[in-house]
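Within every chain, numbering begins at 1; the chains are lettered A, B, ... in the order of the sequence lines, protein sequences first and strands thereafter.
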There are 4 protein chains.
Amino acid sequence: MGGEHGKVGRPRSEEARIAVLHAVDDLVAARGYGAVTLKGIAERAGVSRQTIYRWWATKAEILLEASVTDARQELDVPAHDDPVDDLTAYLEALVTFLTSSDAGAAYRALVGEAQHDKAVGELLSGTDPIGQSAAVVIARAVPAEALTVPMPQATALLVGPAFFWILSGRQPGDLRPDTLAREFLSRAAPSLGAA
Amino acid sequence: MGGEHGKVGRPRSEEARIAVLHAVDDLVAARGYGAVTLKGIAERAGVSRQTIYRWWATKAEILLEASVTDARQELDVPAHDDPVDDLTAYLEALVTFLTSSDAGAAYRALVGEAQHDKAVGELLSGTDPIGQSAAVVIARAVPAEALTVPMPQATALLVGPAFFWILSGRQPGDLRPDTLAREFLSRAAPSLGAA
Amino acid sequence: MGGEHGKVGRPRSEEARIAVLHAVDDLVAARGYGAVTLKGIAERAGVSRQTIYRWWATKAEILLEASVTDARQELDVPAHDDPVDDLTAYLEALVTFLTSSDAGAAYRALVGEAQHDKAVGELLSGTDPIGQSAAVVIARAVPAEALTVPMPQATALLVGPAFFWILSGRQPGDLRPDTLAREFLSRAAPSLGAA
Amino acid sequence: MGGEHGKVGRPRSEEARIAVLHAVDDLVAARGYGAVTLKGIAERAGVSRQTIYRWWATKAEILLEASVTDARQELDVPAHDDPVDDLTAYLEALVTFLTSSDAGAAYRALVGEAQHDKAVGELLSGTDPIGQSAAVVIARAVPAEALTVPMPQATALLVGPAFFWILSGRQPGDLRPDTLAREFLSRAAPSLGAA
DNA sequence: AGCTAAGCGAGACGGTACGTCAGGTCTTCTT
DNA sequence: AAGAAGACCTGACGTACCGTCTCGCTTAGCT
């Protein structure tokens, strides 16, 4: 085979990779998405721009790589025995993620870019941290046979209201995750008998 | 008295204003949001850049002004007697707006910008064509006393799932507006007895 | 028929004319030639730009009109009995004019413009405050028959060294007007016997 | 030591530098000083504006660099045995330079700018092609002990009349370089016995 | 007193250049 | 071969001034 490349020459600097991802995080957090410029990343990371272009095709890829791990972690909430509690905890984590976390800020930025950049859209669909985490939680809280709608639609029913609420700039304080959880259950899994 | 200004000097050219708004529409439609550059607008509109800067503070303002009228029109669906039909028709219009209309493309672009530009966010909240149209339809389809949640939250329940579905890049064909309508009714207004 | 125009309609506002000339003077003096912008003149004079364009074809014309009267005054030095004293006094006035007077600053600016704008050049030749004043002084200090060179060249011999000295940015303090006067006389009118 | 920078990174493009200087020359010659715009230079040179800003702080710097070499060459006239011939040849070269050469046009433009831009003035004093060349010729044609005035003043006496003549827009044809040379000698170095 | 004509201040308009900034690409030396 | 440095071209940004063009208002002489 010969191994494409990767055997010959100086190996990729893990140091540089980490520095780039950290720099992106820092910039999003400290100075907002507007400050996330390739030049700025390179300078803060102490890395040459060429190195960035070598390993990431677009700014979105960096942003994604920089936030996806954190996103998964933040959306991976511990299970609760009661379905309502489980879903409520998840929705609370989702709201916190979207409104207060650096990774969430990056994610919202990516959703924004996706609206006018098809490539970013596909990149984002490939990862889909919200869809995936929601599916996990639903599967855990609701027996498969109790679900009256297919899983993808179910995730939309669960997260959609909160997603809309936050992305349209409404006050997160006026959201009631427990109410949303109960409403979701009564509709998508009425046999569970949630009030 | 006196009236600030507007009386003295050459009056604003309505022609130029229209040309700019049309140019923005055209650009979003024909070449995507990426092509919406102030220089490009000015050239296509046959207007000087200075004139644009004189009347709109940001690109978002132009985009908003260019799309908001169309948005309202497209989301102002005729009433139906049956609540389910009414909400279904509205959700269908909403999906069409978000996925297929020029104004919808502009609106999604604005939502995207709002995620990393606070000013755009406030601009957008001020108009809120989705929230407002949804409130109108809900008020029309559901008697106020039958609503079990406050109106703002009710609008999120109605449009949230579809909003999430589309902005996260899922296939609009897999959405069932009538199902969403029924689910909304059964939760937000169970006394209407929708199955 | 009848007098072109000037009889009918509102007469030219002398007030505006004066305001413009003063504004130009002020601007040259206070903020340098760089600040002499038509917009700036109009604002400081409280006059509309159109009014300026109506009466002056170019910025140079305004500058000229604003400075020429002062220039003539400053270069019209009282006569002295002794030719050397007369020329010395004139050269001192010339140096002061070129280095320290507002009108002189305007004049130097015009000479500068003239180097790359033919029209300004002709405008300036038409007035020629230095050439004219020098000719007057020479004629007064030296009997016509004593002059060994034609008057125009004589004026160049008299003012040239000082003119070069100042326009090339040398220190005016190192100029000796009396020496220059004596040197001029000994060459252009040796029969006067100036040492 | 290490020397600031210059070792690391892509080296400056000599090609671009030359192209800029040529473009400036061409523009001054072909379309006059008014056409010397940074945008125009960049376009004609096939160079980005940013590159120009990187290496030259002001338009004057470019103009100076573009003309100073030519200026020195044109003002470096071969020696003649006879002092009068030597000075005459120099003055003829000076007049030709100021009236007919591209470099001379650039130089006059710079003198003009210097009248209302102090920075340009200092830039120009630093080079002073006329003062320097005149000093060289005088030193060569006149023994130091025969000079009755300090060198700087002597240069002003030599070049001043011609400088004034041309910058004030008089006809160069009416200048008599040999007369000016003789007059200069008889005054600044009378012991040489020039008639 | 009313009409006509021109001047006037205000300010919008299409242009053009400014100086800056980010995006990508390239070239050089160093590791 | 990867990396850091940094020059390069491209092209948009927002600003300033240019000279022109409406506006509505004022100021005159002429009916």
Expressed as a whole number of angstroms, how long is the span from A:W56:CH2 to E:dG24:P?
15 Å

A side-chain contact here means heavy atoms from C-beta on lying under 4.5 Å apart; do B:V111 and B:V120 qualify?
no

Taking for each residue the nucleotide of DNA chain E with the nearest heavy atom, is it B:E14 or D:A57 whose nucleotide lies nearer the 5' end?
B:E14

Which is true for A:R12 with a 4.0 Å heavy-atom rule: it touches a base, it touches only sugar-phosphate, or it touches nothing?
sugar-phosphate

Nucleotide F:dA4, atom C1' - distance to CZ of A:R44 in whole Å
19 Å

Starting at CZ of C:R54 and ending at P of F:dG19, how long is that distance when rounded to a whole Å?
16 Å

Return the CG to NZ distance between D:D117 and D:K59, rounded to the nearest 0.5 Å.
11.0 Å

B:E15 CD - F:dC21 P separation (whole Å)
16 Å

Is the backbone N or O of C:A16 less than 3.5 Å from a side-chain atom of C:S13, with the two atoms forming a donor-acceptor pair by type?
yes

In whole angstrom, give the distance that lies between atom CD1 of C:I41 and atom C1' of F:dC18.
13 Å

Report yes if at least one side-chain N or O of D:W55 is closer than 4.0 Å to OP1 or OP2 of F:dA7; otherwise report no.
no

Provide, to the nearest angstrom, the distance between the CG atom belonging to B:L27 and the C1' atom belonging to F:dA12.
14 Å

Taking only N/O atoms, report every protein-nucleotides 21-23 of chain E pair under 3.5 Å with atom names and distance.
from   : atom 1 : to    : atom 2 : distance (Å)
E:dC21 : N4     : D:Q50 : OE1    : 2.8
E:dA22 : O3'    : A:T37 : OG1    : 2.6
E:dG23 : OP1    : A:T37 : OG1    : 3.3
E:dG23 : OP1    : A:L38 : N      : 3.2
E:dG23 : OP2    : A:T37 : OG1    : 2.9
E:dG23 : OP2    : A:L38 : N      : 2.9
E:dG23 : OP2    : A:K39 : N      : 3.2

Could you state the atom-to-atom distance from CZ of D:R17 to P of F:dA7 in whole Å?
16 Å

Going by heavy atoms in the side chains, are D:L64 and D:Y107 under 4.5 Å from each other?
no

Under 4.0 Å between a side-chain N or O of B:T51 and OP1 or OP2 of E:dG14?
yes

Using nucleotides 23-31 of chain F, report all nitrogen or oxygen pairs with the protein that are shorter than 3.5 Å.
from   : atom 1 : to    : atom 2 : distance (Å)
F:dT26 : O2     : C:R10 : NH1    : 3.1

Between D:E65 and D:R17 (salt bridge meaning N to carboxylate O under 4.0 Å), is one present in this structure?
yes

Closest non-hydrogen contact found for C:I41 with C:A23 is O-CB, 3.9 Å

Would you call A:V20 and A:I62 a side-chain contact if the rule is heavy atoms closer than 4.5 Å?
yes

Contact check, side chains of A:Q115 and B:Y33, non-hydrogen atoms, under 4.5 Å
no

A:T51 side chain to A:V47 main-chain N or O, any donor-acceptor pair under 3.5 Å?
no

